[in-house]
Amino acid sequence: MKVKFWLLDLNYEEKAETPEIWMWGIGEDNKRILVVDRNFKPYFYATVSENSLEEVLREILKLKVKGVLDCIPQDMKIFGKPVKAVKIVCRKPDEVGEIAKDVKRVRGVTEVYGDDIRFTLRYLIDMGIKPCSWIEVECEKAEGYGGVKVDEVYLATAPPRNVEEELTPNLKVLALWITCMGEAGSPKPERDPVIIISTLSCEGVEKNFIAKGDEKPSDAEIIVEFTRYVDEYDPDIIVSYGSNARIIPYLLERAKRNRVKLSIDRQRGEPHTSLYGHISITGRINLDLFDYAEEFQEVKVKSLENIAEYLGVMDASEIIEEYEVQDYWKDPSKRGELIEYSMKNAKRVMGIYKAISDFAIQLSQLVGLPLDFVGTAAVGFRVEWFLIRKAHEMGELVPKRREISYQPYAGAIVLQPKPGLHENVAVIDFRSMYPSIMLKYNVSPDTYIPPEEAEPECGVYIAPEVGHRFRREPPGFYRDVLKSLMEARSTIREKLKNITQEDPLYKVLDARQKAIKVISNAMYGYAGWTGARWYIKQVAEAVTAWGRSLISSALKMAEELNLKVIYGDTDSIFVKYEPEKVEKLVKRVEGELGFEARVDKVYVRILFTEAKKRYCGLMENGKLDFVGLEVVRGDWAEVAKKAQEGVLEIIMRGGGTGKAIEYIKEYINGMRRGEKPLKEYIIWKTLTKDLEEYEVRAPHVQAAKMLMEKGYTLTLGDKVGYIITLGSGKLYEKAKPYQLASKNELDIEYYISNQVIPATSRILEPLGVNIQKILSSGTTRTLMDYIKKEKTTT
DNA sequence: GCCTGGTCTCTACCC
DNA sequence: ACGGGTAGAGACCAGGCG
């Protein structure tokens, strides 16, 4: 019989010495099914030097005792060059590593390949099937899979095939949130119980599992109840925020302490750690939305509440912070609020899921990694898995990951801006410049011709400045990949034109074209990453060299047309907007340089300082575009950001500097009167390394240490929020985590002189206003101010 | 011992 | 654990200062 299903998750098991691929899916009839394939064997390749094939085959077949089943000669390519290889088929996946080591020692073997690719992924790649897509397979009913929680189990009798079908089946999704109660600082699973487990199903069913006991609540019961509920509801996806780093490990540890089993998978087992710090729940998807938080760069502090607010799910006011939990729990009049809050967070999780799931599903399908993996994988790995798939299609061996030390190379050109206010400025940019360069000049690891090699007959493209050569023919690996991505994207965009936004297909296709864009744009970065399997420095170096030459040529053309250039960065030039000339420029750029260009936007007014990469533009829609300035930075206090934004609002809308100065004066007075809440004084900074590794003392590091001492858990990548307190000495001595601080400790004068004034004078300086001078010569700080200040500090 | 200027460290941004 | 180019704050340190 033929079985068609949507592939949710997969894993492998071993039964009677035979590896089995288990594919968990959703059938056409909406049944949950498991398809087992016993017909696939693990394998890897070895490249063989000239004339030693026979001998190598003989030697490798001697390894049969170790688990080698077969050894087959095969013509492959490595970096585009044909090589003689043998495919070594093995009995069991976990024997591959050992056998590969032995094979590498065989005389005549030059290298082994593919032994570092996981069995389940190998299967997906070889079969040409992808997670989160429809698959068809010839099957028979399977016997002996009793412990598995699905409606049907099948045994594949033939290789599965990909089915072209777009729509996602109805998935059962369960949003999860837990609230834990610590005595001090962050709750610790070894010590502190989970007091509330909140779940929300996609159908809207809310469940709160609430621990009993006031002072020392016990969570044994609720973990069991929760486990039972998961089993009963039987979700395809368990979604949360921070599941991999926090929530699942916490629940696991609590379950262990209570001697109960957290069996929330479809195999009566517990969650287990897997690739890239991901936790697998067999048969289901453990989706961690935190992995997608990075996509929202506007959100600086990536808390569940902030992301949910950004996506319009729920506003972030009235937050209960972790350290406040016990106050709420222990106070009977407030406990209800805490329980409600826990459920609110489950709702936030579900809301975010709904906003990003289409994209996540499409990314999984495009890259070919299971839905829960693809999120956890860093961008470089997403690109790489996509490439590995393509390599397989092209008969390319997958290069080993090598340790290559950092090799710097020159990047893009950034022009010195013309400071001051400008009216009517057009921004012209090259569309997808780096991908286009790679396409046009066939820049790829397999087309690169090293200096010692002779020029091939087909001829070469030579990169300007650096002189790297790339063969014109045949199309390189990157060109092929980018071409198929670009074609796929334009096909989708055509389809999108013909359907309405209400069509369920619309969301799917739109998400897919976004996924394609993300991967295309990451290709250049991947090419320059020393950790990349296909890393060749010259590839990345040539791309940027062509980029510099393109932008320089465009600048020259602008000059020839007498267009005044105001600024430019990498692939864009800002010119005085004279419509006819600008149109001419775009035409010339496209005609003579052969790259697509366009007028990206027109600013009614734009303000530059002396600095590159920082400006503010008034757009035609009346909105302000802040670029690089403090307003858009996460490491400045809100008081400074708001002051700068206020000044920009005045200046950009023609209010004039006088008004701006008055605004700042009033703003500062407000600060001195204590009108701004503590929250607006918090400075956030990321911990980018372990605390001991910092070479200089810094405020956020000091603050982090203070938090640790109070029992808070902080890890690499966490953001520390601190304020600057009154007192003397170095700044780092005056820093204090906001959780431990109160408003009367604030060193308001520090914030005025080191935050508000720098941020605002940055804007006014290029307009000829020295705000510092104005403020210090004024009567802002009278004797009375000092007396008042004395009063508040003592 | 204090001030100064230069350099280094650190973070977050732009494209 | 995707690239290079850049701004800016603050720590740190050597040298000047009779």
Side-chain angles (χ1 to χ4, degrees), chain A residues 276-277 294 297-298 300-301 376-387 401 403-404 406-417 427 429-435 438 518-535 537 539-545 547-548 551 567-574 600 609-615 625-637 640 683-689 693-702 716-717 719-720 724 729-735 750 753-755 757-759 761-762:
Chain A
Y276 306 129
E294 257 173 77
Q297 290 186 358
E298 296 92 330
K300 308 297 172 182
V301 181
T376 336
V379 182
F381 292 106
R382 293 179 190 171
V383 172
E384 192 149 78
W385 279 109
F386 180 78
L387 290 176
R401 201 178 297 288
E403 281 279 315
I404 296 174
Y406 173 65
Q407 298 177 305
Y409 63 89
I413 290 174
V414 187
L415 298 188
Q416 200 62 54
V427 182
D429 67 9
F430 289 101
R431 298 187 78 163
S432 329
M433 187 169 80
Y434 287 168
M438 292 163 104
V518 165
I519 295 295
S520 311
N521 290 343
M523 283 281 291
Y524 154 72
Y526 175 82
W529 174 38
T530 48
R533 288 176 189 261
W534 278 280
Y535 173 75
K537 183 191 166 187
V539 169
E541 200 170 32
V543 173
T544 56
R548 289 192 297 274
I551 199 80
Y567 178 61
D569 185 350
T570 311
D571 60 355
S572 66
I573 52 178
F574 292 52
D600 184 40
T609 70
E610 300 274 345
K612 297 170 176 180
K613 297 186 184 279
R614 312 179 122 230
Y615 54 89
D625 196 6
F626 305 104
V627 181
L629 298 167
E630 282 72 8
V631 193
V632 296
R633 290 182 67 98
D635 57 348
W636 283 74
I683 297 165
W684 292 93
K685 277 205 168 87
T686 310
L687 288 177
T688 59
K689 48 182 104 178
E693 282 170 39
Y694 280 94
E695 291 182 38
V696 293
R697 277 160 291 190
H700 72 297
V701 182
Q702 288 307 108
L716 212 145
K719 275 222 155 65
V720 182
I724 298 301
K730 295 280 191 191
L731 199 63
Y732 61 80
E733 296 173 290
K734 305 187 356 156
Y750 165 81
S753 60
N754 292 49
Q755 292 264 324
I757 291 179
S761 67
R762 204 100 63 211

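Just so we're on the same page: letters track the sequence lines, and every chain starts at 1. Basis for what follows: all heavy atoms, side chains included, without hydrogens, waters or symmetry-related copies.
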A.B. asks: DNA chain C: T530(A) or I413(A), which has the more 5' nearest nucleotide?
C.D. replies: T530(A)
A.B. asks: For K719(A), answer base if it contacts any base atom (sugar-phosphate contacts may also be present), sugar-phosphate if it contacts only those atoms, and nothing otherwise; contact means non-hydrogen atoms under 4.0 Å.
C.D. replies: sugar-phosphate
A.B. asks: Where is the tightest heavy-atom contact between Y732(A) and P699(A), given as atom of each residue plus distance?
C.D. replies: CB-N, 3.6 Å
A.B. asks: Would you verify whether the NZ or CZ of K689(A) falls within 45 degrees of the ring axis of Y694(A) while also being under 6.0 Å from that six-membered ring's centre?
C.D. replies: yes
A.B. asks: Counting only side-chain N and O atoms of Y615(A), is one of them less than 4.0 Å from OP1 or OP2 of dC15(B)?
C.D. replies: yes
A.B. asks: Checking all strands, does R762(A) fall into the base, sugar-phosphate, or nothing category for heavy-atom contacts under 4.0 angstrom?
C.D. replies: sugar-phosphate
A.B. asks: Describe the nucleic acid contact of R697(A) in one word from base, sugar-phosphate, nothing, applying a heavy-atom distance below 4.0 Å.
C.D. replies: sugar-phosphate
A.B. asks: Is there a side-chain polar atom (N or O) of K300(A) under 4.0 Å from OP1 or OP2 of dC13(B)?
C.D. replies: yes
A.B. asks: Heavy atoms under 4.0 Å, any strand shown: does V627(A) hit a base, just sugar-phosphate, or nothing?
C.D. replies: sugar-phosphate
A.B. asks: At under 4.0 Å, does any side-chain N or O of Y434(A) touch on OP1 or OP2 of dC2(C)?
C.D. replies: no
A.B. asks: Which part of the nucleic acid does A532(A) contact within heavy-atom distance under 4.0 Å: base, sugar-phosphate only, or nothing?
C.D. replies: nothing
A.B. asks: Does dA7(C) have OP1 or OP2 under 4.0 Å away from a side-chain N or O of K613(A)?
C.D. replies: no
A.B. asks: Heavy atoms only, 4.0 Å cut-off, all strands: where does G525(A) land among base, sugar-phosphate and nothing?
C.D. replies: base
A.B. asks: Tell me what D429(A) touches on the nucleic acid: a base, only sugar-phosphate, or nothing, going by heavy atoms under 4.0 Å.
C.D. replies: nothing
A.B. asks: Looking at every strand, decide which applies to G531(A) at a 4.0 Å heavy-atom threshold: base, sugar-phosphate, or nothing.
C.D. replies: nothing
A.B. asks: If you look at every strand shown and take non-hydrogen atoms under 4.0 Å, does P699(A) touch a base, only sugar-phosphate, or nothing?
C.D. replies: nothing
A.B. asks: A698(A) near the nucleic acid: base, sugar-phosphate alone, or nothing, with a heavy-atom cut-off under 4.0 Å?
C.D. replies: nothing
A.B. asks: Pairing donors with acceptors under 3.5 angstrom, does anything connect the side chains of Q407(A) and Y535(A)?
C.D. replies: yes
A.B. asks: For a quick test of reading the model: is some side-chain N or O of Y732(A) closer than 4.0 Å to OP1 or OP2 of dC12(C)?
C.D. replies: yes
